[in-house]
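What follows is a set of notes on a single structure, which appears directly below.
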Amino acid sequence: MNKILSFLIFFISSQIYAQSIKMEGIVSEKGTGILEMANVVALNTATKGMDAYCITNDKGRYVLNLKPNTSYKIKVSYIGMQNKEFVIETSTTNISQNIILEQASNTLNEVEIVREMPVSIKGDTLIYNADSFKVGTEKKLEDVLKKLPGVEVNADGEVEVEGKKVQKLMVEGKDFFDGDTKLGVKNIPADAIDKVQVLRNFSEVGALKGVENNQDNLAMNIKLKEGKKNFWFGDISASTGVAHKEERYIVNPKIFYYSPKYSLNVISNFNNVGELPLSMQDYFKMTGGFRNVMAKGGSTFNVSSNDLGFLLMRNNRAKNIDTKFGAANFSFNPSKAMNISGFGIFNSSITDIQTNSQTTYLANNAQQNNEENTHQKNNFGLLKLSASYKPNTKLQVDYDVLGKLSNQNEYGNLFRQSIANSLVNNENIYTNKTQKPSSINQNLGTYYTLSDKHIFAFEAQHLYQNEDPFYNANLQTQPFVLTDYISGQLRNNINQNRIVTTNKIDAKLDYYYVLTPKSNLNITVGNTNSHQNFSSHIFQVLDNSLVNNLNAPENNNQVKYNFNDVFMAMHYKILWGKFTFNPGVSLHYYTMNNQQLTTDFSRNFTRVLPDFFALYQIKKSQSLTYNFSLNNNFTDINQLVEGAIVRSYSSLFRGNRNLENSLSQVHSLRYFKYNMFNMENIFANATYTKQVDAIKSIANFNGVNQFATPYNSNFADESFMAMGQYGRSFFKYYKGSLSANVSWNKFYNIISGLNNSTESFTQNYTAKIATNFKQIPNIELGYTYILNKNSTAKFYTDKPFARLDYFFLNGFAFVAEYEFYHYYTTDKKVNNEYDFLSSSLTYQKKDSKWEYKISATNILNTKSLNDNSFNQFAISNSQYFVQPRYVLFGLKYNL
């Protein structure tokens with residue numbers, strides 16, 4: 001199949017370019033030198049269409065592929081120069097012509113020319129003209145972004161440009177569900193998009209843009225077509241169909257309104273086809289766009305989650321998913337100085353998961369085989385309100401509050417076969433997990449520019465979090481030896497409830513003294529203060545339904561933990577030619593105290609932590625960046641509690657109140673190059689981390705049951721991660737890329753009383769090429785190779801994939817996607833193949849508001865897929881059963 005498709009691409013391209021001629025030369029400024037990033041456009045005088053375009057490279061060179069025997073108007077523009085136009089008549093031979101521009105008295109016409117270009121740059125903003133890349137099959141923003149050079153969209157709706165993650169998505173300069181790009185890329189209609197603006201070196205605070213390092217900050221702004229402004233737009237769609245047995249449906253209304261003063265976005269989705277507008281993974285990682293106040297403080301104190309390890313499957317990893325989703329986002333400008341915005345999201349889903357898994361424990365080669373059916377009910381809600389006040393260029397005040405609330409229930413029924421010491425044991429296990437975590441996160445920022453030389457910034461965040469996980473496991477065998485436990489029961493019904501609360505405040509004051517236009521001094525005073533309470537209780541339900549409270553101190557926790565970090569930091573930033581240097585150092589005073597088991601344990605100490613940033617701006621669109629930091633990493637209360645914690649039916653944990661902090665040094669090197677001449681983008685990043693006194697586990701195993709306690713390791717953990725991508729456009733119609741991701745990790749633990757070293761090495765390589773024709777079918781072909789290797793095993797995945805989309809007969813759009821997986825181990829004990837094929841056909845008459853659609857998912861009716869994972873203690877292989885084939889008939893009305 002791949003050979004046939006490759007031949008088709010070659011044949012089509014050879015036919016097109018066999019009949020084209022080349023026009024090339026140098027664009028320069030009169031009396032000066034070459035002009036990099038000048039715009040050169042070829043307009044067909046007969047059709048009035050743009051047949052070719054080019055942006056000059058760093059040597060001023062341009063190349064246009066033109067049709068023979070055709071008349072063209074050539075337009076050349078460059079910021080600050082007079083536009084130049086001339087007409088040429090092509091023949092059958094190539095043309096060589098240099099172009100000279102002169103200084104302009106004004107640049108009014110230049111703006112018009114830039115807007116005609118498919119891609120242009122204005123300062124730190126990269127601008128894509130969406131219509132230049134659309135072929136007619138695009139339905140959502142995601143479909144448009146995937147066609148843009150240098151832009152990638154992954155399965156989770158995360159957008160990357162030039163290898164950097166887009167942190168904020170805006171429409172007409174207004175936040176679109178701040179803190180997550182998925183809702184935007186999956187819902188904004190493609191036909192409403194005029195321009196896609198990528199905002200490099202993005203800063204939400206204008207006063208700090210010149211004094212902070214914003215090289216890794218990336219935002220995206222969507223400019224709407226004129227007909228979509230000051231009018232309601234969107235669509236209402238509904239589909240129904242059948243699967244193997246059940247009826248399938250999806251209802252998805254979306255409406256949007258944008259004006260200079262107001263904006264409102266409303267999205268809802270009701271379906272049982274596995275479409276997840278926002279998954280539980282998205283919910284947990286959605287920050288609401290809150291800034292990391294302590295990013296340059298040198299210390300890390302992360303509040304870990306007490307979730308019970310709910311299975312969080314994507315839509316292709318669940319047997320059945322029924323979802324009800326609603327979301328609204330608004331923005332209001334009561335005055336030029338004030339902006340009020342926010343969003344609310346509610347999601348309810350019911351999920352059935354069927355999984356077969358095999359786990360092998362490295363310590364004793366014990367094996368656990370599970371056949372599990374899980375039923376989940378998940379409800380979650382988010383609410384964010386924001387206000388920003390900017391009365392003048394000197395003052396800015398921001399306030400945000402984000403609330404999260406969820407209610408989760410999971411019921412599991414599994415059959416376990418455990419094999420240890422040549423003994424085989426079979427049993428049925430029933431589990432029940434419930435939790436209703438909630439949190440409120442508040443952010444206050446005040447930024448004041450006293451003068452050109454003196455800038456002040458105060459930022460504070462407050463987190464309140466409450467967690468109440470409850471766990472129940474009903475087993476045939478007794479998994480743990482617990483004091484006061486009554487043995488000899490037909491069933492071992494173990495229960496544990498927990499209440500964990502967190503109050504954490506981060507606050508800092510920054511003073512920037514601008515020494516010269518190219519240097520500044522930054523002094524920071526800050527404080528992190530956290531107070532946490534942890535209580536837990538284990539009890540046993542006997543065969544006669546009576547409750548046996550395990551009241552021994554080692555089965556219960558009543559713990560209070562206070563952490564405080566006061567620090568002062570100093571950074572000096574200087575621009576020296578093509579280099580930017582930003583060395584810094586911070587001085588910390590730490591105090592910690594935990595109260596449990598009727599005693600107090602306290603510790604306090606000081607530490608000096610350096611950091612360093614360097615940027616080599618080789619050219620306008622080529623740079624090399626180096627970062628170094630020395631960080632103190634602190635655990636929160638969850639690792640300190642010394643009473644027993646039941647993590648699962650086969651895992652028991654006891655904390656260690658004497659844990660100390662770990663110290664990590666991180667080195668990262670990043671290279672970036674973007675060539676507008678051929679849309680070439682190259683980026684690479686390498687990071688090395690060495691962690692000393694890392695918090696590790698002393699793990700003991702009784703068959704397949706694990707007993708773990710944390711400790712500070714005497715051996716350093718190390719990791720190295722590298723990634724890179726090369727992509728470019730070929731001629732006018734092709735986009736290709738090569739990417740590689742590799743990671744190496746070395747960990748130390750104590751397993752069954754012995755020091756144990758574990759290494760893992762993961763490699764992921766992808767190559768793909770895609771066409772972007774206007775009149776003929778477009779094809780994307782790709783191949784991914786994955787190797788996961790640890791000390792005892794290797795797992796391989798071969799994944800060729802293809803996509804076909806074709807817009808034809810002025811209204812029909814056909815899209816098909818195919819993925820093939822070959823998953824195997826070196827010894828072929830695991831050797832599985834499975835594939836997924838989906839397709840859709842839509843019809844919408846020109847200028848009609850109605851669209852008709854037929855779509856099919858999992859056409860080949862694949863039953864399951866495979867996955868593997870390994871950690872420092874075990875290797876796991878899993879088989880997930882997925883939704884069956886289904887066909888939907890849909891109708892959509894465009895507002």
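Sequential numbering from 1 along the given sequence is applied to the chain's residues.
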With a 3.5 Å cut-off and no angle check, do the side chains of [X] and [Y] form a donor-acceptor pair?
| X | Y | answer |
| --- | --- | --- |
| N492 | Y649 | no |
| D798 | Y783 | yes |
| N379 | S348 | yes |
| N271 | N252 | no |
| D400 | S386 | yes |
| S838 | T857 | no |
| E247 | Y249 | no |

Are [X] and [Y] close enough that some pair of their side-chain heavy atoms sits under 4.5 Å apart?
| X | Y | value |
| --- | --- | --- |
| L860 | Y818 | yes |
| S878 | E372 | no |
| I786 | K799 | no |
| E410 | T374 | yes |
| K186 | I267 | no |
| F801 | K768 | yes |
| N858 | Q883 | no |
| L169 | F177 | no |

Looking only at heavy atoms, which two atoms of [X] and [Y] are closest? And how far apart?
| X | Y | answer |
| --- | --- | --- |
| I429 | R416 | CD1-NE, 3.6 Å |
| G184 | F176 | CA-CE2, 3.4 Å |
| Q476 | N426 | NE2-O, 4.4 Å |
| K849 | L895 | NZ-C, 3.8 Å |
| P277 | K182 | O-CE, 3.5 Å |

### Task
Look at the rings of F332 and Y262 and say which category their plane angle falls in: under 30° parallel, 30 to 60° tilted, over 60° perpendicular.
parallel
By side-chain contact (heavy atoms from CB on, under 4.5 Å) - contacts of [X] (at least two apart):
| X | result |
| --- | --- |
| L383 | none |
| Q167 | N217 |
| N493 | N472, N474, N495, V541 |
| F814 | L804, F808, A816, S839, L841 |

Separation of [Y] [atom2] from [X] [atom1] (nearest 0.5 Å):
| X | Y | atom1 | atom2 | result |
| --- | --- | --- | --- | --- |
| N154 | T181 | CG | OG1 | 8.0 Å |
| Q358 | N369 | CD | CG | 5.0 Å |
| K140 | L145 | NZ | CG | 11.5 Å |
| F836 | E819 | CZ | CD | 8.0 Å |
| E851 | K139 | CD | NZ | 3.5 Å |
| S331 | F343 | OG | CZ | 13.0 Å |

### Task
List the steps and the verdict of side chain to side chain contact (heavy atoms under 4.5 Å, CB included) for N877 and N866.
CA-CA 7 Å; N877 288 286; N866 295 88; over 6 Å; no
#### Entry: Pairing residues for Y824 by the ring pair (Phe, Tyr, Trp, His ring centres under 6.0 Å) criterion, not counting sequence neighbours
Y796, H822
### Task
Taking the six-membered ring for Trp and the full ring for Phe, Tyr or His, determine whether the centres of Y893 and W850 are under 6.0 Å apart.
yes
### Query
Would you say F415 has more than 12 foreign heavy atoms packed within less than 6.0 Å of its CZ?
yes
### Query
Is K436 atom NZ crowded by more than 12 heavy atoms from other residues, nucleotides or ligands, each under 6.0 Å away?
no
### Task
Would you sort out whether R498 and I645 count as a side chain to side chain contact (heavy atoms under 4.5 Å, CB included), showing the intermediate values?
CA-CA 9 Å; R498 277 183 266 171; I645 299 295; 4.0 Å; yes
#### Entry: Derivation and outcome, side-chain hydrogen bond (donor to acceptor under 3.5 Å, both in side chains), residues S341 and D175
CA-CA 8 Å; S341 62; D175 291 347; 4.8 Å; no
### Message
Against L276, only a single residue in T351, N269, T323 fulfils side-chain contact (heavy atoms from CB on, under 4.5 Å); can you say which?
### Response
T323
### Non-neighbouring partners of E817 that pass side-chain hydrogen bond (donor to acceptor under 3.5 Å, both in side chains), sequence neighbours left out
R803
### Message
side-chain hydrogen bond (donor to acceptor under 3.5 Å, both in side chains), that's the test. Do N764 and N741 meet it? Break it down for me.
### Response
CA-CA 5 Å; N764 188 319; N741 287 272; 5.2 Å; no
### Message
If you apply the rule side chain to side chain contact (heavy atoms under 4.5 Å, CB included), what do you find for L218 with K165, and how did you get there?
### Response
CA-CA 7 Å; L218 208 63; K165 182 180 175 182; over 6 Å; no
